[in-house]
Amino acid sequence: MVSEEIDSVLKRLEEDNVKSVLLQFSDLEGKPKNVAIPTKQMRKALTDGISFDGSSIQGFARLEESDMTLHPEVSTYQIIPWSDEKFRMARFICNVYTIHGEPFTGDPRYILKREMEKAAKLGYTFNVGPEMEFFLFRTDENGHATVNLQDHGSYFDQTPTDPGEDVRRDLVIQLSEMGFNIEASHHEVAPSQHEIDFTYGSALEIADKVVTFKFAAKTLALKKGLHATFMPKPIFGINGSGMHVNSSLMKDGKNAFFDPEGEDQLSDTARYFIGGLLKHIDGITRIANPTVNSYKRLIPGYEAPVYVGWSALNRSALIRVPSSRGKSTRAELRSPDPTCNPYLTFAVMLAAGMEGIVNKIEPPESIDKNIFRMTPAEREAEGIRCLPWSLVEANAALMKDELLCSVLGEHVVAQIKRIGELEWSDFSKAITDWEIKRYLATY
């Protein structure tokens with residue numbers, strides 16, 4: 001970075017009365033991380049980077065190769081609006097580098113940037129618009145998280161003013177101050193469940209915003225004595241939380257998914273992109289649904305997609321093409337949940353879709369029936385199969401997917417495999433309340 005740019009950033013920090021800066025990044029599991037520095041250290045951050053111990057971050061590095069540096073992405077500068085004016089804080093999203101000055105191949109942000117550069121060489125820009133669902137639960141007298149409901153509202157309900165409604169309102173206001181374009185905000189189907197949707201944008205920009213969103217939601221909820229959780233299925237018997245991802249490709253300034261003369265006004269590019277997603281969906285599921293709990297959401301009966309197929313009409317399909325056309329033409333992948341790492345999820349989606357375009361992978365016929373109401377025999381006749389039922393099954397599918405493994409790289413694949421196997425091992429050894437109720441008195 002040239003000295004003029006550095007001076008410009010430092011001047012802006014001074015004008016904004018920023019006293020400290022959060023250098024934010026994402027670990028392999030998508031959890032927001034940060035290093036806080038005083039503003040006077042920003043010149044060093046912008047020139048040499050700020051060192052940190054990569055061995056302390058899940059999936060980053062071994063102890064003997066742990067030294068890494070954070071390099072702020074200047075375009076991501078934002079004042080943190082809820083910080084005290086007297087001690088004003090700002091943040092930068094960072095890229096992770098090795099001590100040798102090379103991009104760290106295990107940095108999720110770098111992986112997405114690399115895939116977007118590949119698409120750009122073919123003339124495409126990848127845009128996404130996630131729909132973020134989350135629960136707001138009460139905390140106990142010690143401030144610890146519980147699953148006690150904050151409200152009993154349902155879809156689009158307007159409940160009386162309470163801390164939950166206040167958090168959602170504050171979240172929209174504060175995110176707007178941070179440059180978010182909020183498309184919609186509403187109560188979701190389950191009690192104490194909410195949704196906030198962003199407008200479309202470049203996948204890298206939106207992945208940054210997903211990480212910021214999680215950070216903001218948890219912080220603002222805590223200020224109201226609540227706990228915001230992105231756990232997919234925290235309570236049995238009610239809907240879980242998803243992160244539906246609307247996606248499209250732009251080329252030459254136009255939406256490449258739209259063709260006014262095509263069937264359903266979809267272009268070949270859109271169909272091939274969907275074909276690529278469906279071909280690689282089992283491996284994508286390991287990235288988009290990364291926890292044991294993710295698969296408690298992916299079951300029939302709670303609106304979450306379970307069956308592999310696509311449709312231009314109904315919401316029961318895994319991939320839905322909403323009715324809007326023209327510049328709003330898009331494909332909505334409905335399986336991801338908000339525990340996913342957005343950088344990795346968008347990267348594998350793009351890679352799968354681009355393979356579909358390059359190799360002209362035709363998707364199966366669009367399914368216009370309600371898949372949830374079809375019998376097993378009807379689904380079998382239509383060639384509709386299930387997504388992986390568990391983390392261990394999805395983990396195995398990813399390991400067999402040569403394309404996705406090449407996108408993620410050896411380091412990340414090895415770490416994802418290790419994390420998945422450890423999580424499944426811990427889960428398999430755990431004794432659940434269900435088992436106690438089922439077997440203790442009976443046997």
Side-chain angles (χ1 to χ4, degrees), residues 30 32 128-138 147 149-176 178 180-201 206-221 224 226-235 237-247 288-289 293-294 296-298 301-305 314-320 322-324 328 330-340 342 345-346:
V128 297
E131 301 171 10
M132 301 293 297
E133 296 176 350
F134 60 102
F135 282 90
L136 289 171
F137 292 131
R138 297 182 186 276
V147 290
L149 299 173
Q150 165 59 34
D151 67 64
H152 294 274
S154 188
Y155 206 40
F156 292 132
D157 276 359
Q158 181 174 357
T159 58
T161 300
D162 61 33
E165 288 289 318
D166 290 348
V167 168
R168 201 174 78 218
R169 178 204 63 214
D170 290 350
L171 192 51
V172 168
I173 293 171
Q174 305 279 26
L175 290 175
S176 296
M178 296 183 77
F180 281 60
N181 289 318
I182 303 299
E183 188 170 85
S185 162
H186 59 84
H187 200 289
E188 252 298 334
V189 173
S192 295
Q193 187 184 36
H194 302 264
E195 177 176 316
I196 294 179
D197 305 335
F198 315 160
T199 54
Y200 259 39
I206 297 301
D208 288 341
K209 287 184 174 180
V210 169
V211 174
T212 300
F213 177 90
K214 292 181 179 181
F215 163 65
K218 287 184 174 292
T219 301
L220 294 175
K224 297 290 185 181
L226 300 177
H227 175 70
T229 181
F230 296 93
M231 183 178 178
K233 189 79 169 183
I235 298 179
I238 63 176
N239 286 32
S241 291
M243 189 187 83
H244 302 170
V245 181
N246 295 274
S247 61
N289 307 93
N293 185 255
S294 296
K296 304 296 178 71
R297 167 180 168 259
L298 296 177
Y302 296 96
E303 297 188 9
N314 77 80
R315 294 173 179 269
S316 67
L318 173 67
I319 298 175
R320 181 177 78 100
S323 59
S324 300
S328 298
R330 61 196 187 274
E332 177 191 23
L333 181 62
R334 297 171 61 79
S335 54
D337 70 55
T339 58
C340 75
T345 299
F346 299 162

Steps toward side-chain contact (heavy atoms from CB on, under 4.5 Å) verdict (Arg297, Asn293): CA-CA 7 Å; Arg297 167 180 168 259; Asn293 185 255; over 6 Å; no
Atom [atom1] in [X], atom [atom2] in [Y]: separation rounded to 0.5 Å?
X: Leu171; Y: Phe213; atom1: CG; atom2: CZ; value: 5.0 Å
X: Met132; Y: Glu195; atom1: CE; atom2: CD; value: 10.0 Å
X: Met178; Y: Lys209; atom1: CE; atom2: NZ; value: 10.0 Å
X: Leu226; Y: Ser192; atom1: CG; atom2: OG; value: 8.5 Å
X: Ile182; Y: Thr199; atom1: CD1; atom2: OG1; value: 7.5 Å
X: Ile196; Y: Arg168; atom1: CD1; atom2: CZ; value: 7.0 Å

Arg330 (side chain) donor-acceptor with Ser324 (main chain) under 3.5 angstrom: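 Pair absent, no side-chain N/O of Arg330 close to backbone of Ser324.
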Donor-acceptor contact below 3.5 Å, side chain Lys214 vs main chain Pro338: yes
Candidate pair His227 and Arg138, rule side-chain contact (heavy atoms from CB on, under 4.5 Å), full reasoning: CA-CA 6 Å; His227 175 70; Arg138 297 182 186 276; over 6 Å; no
Chi angles and distances behind the side-chain contact (heavy atoms from CB on, under 4.5 Å) call for Met243, Phe230: CA-CA 9 Å; Met243 189 187 83; Phe230 296 93; over 6 Å; no
Any idea which heavy atoms bring [X] and [Y] closest together, and the distance?
X: Phe134; Y: Ala228; value: CD1-CB, 4.5 Å
X: Met231; Y: Pro234; value: O-CD, 3.4 Å
X: Thr345; Y: Ala288; value: OG1-CA, 3.8 Å

Counterpart residues, side chain to side chain contact (heavy atoms under 4.5 Å, CB included), relative to Ser323 (two or more places apart):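 Expected list: none.
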Under the salt bridge (charged side-chain N to carboxylate O under 4.0 Å, His left out) test, residues paired with Glu332 that sit two or more places apart: Arg320, Arg334
For [X], enumerate each residue passing the side-chain hydrogen bond (donor to acceptor under 3.5 Å, both in side chains) test, keeping only those at least two apart in sequence or located in another chain.
X: Asn289; value: Asp337
X: Ser241; value: Gln193
X: Thr229; value: none
X: Asp170; value: none

Parallel, tilted or perpendicular, as decided by the 30° and 60° cut-offs, for the rings of Phe180 and Phe198: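 Rings of Phe198 and Phe180: perpendicular, as their planes differ by over 60°.
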Candidate pair Asp197 and Asn246, rule side-chain contact (heavy atoms from CB on, under 4.5 Å), full reasoning: CA-CA 10 Å; Asp197 305 335; Asn246 295 274; over 6 Å; no
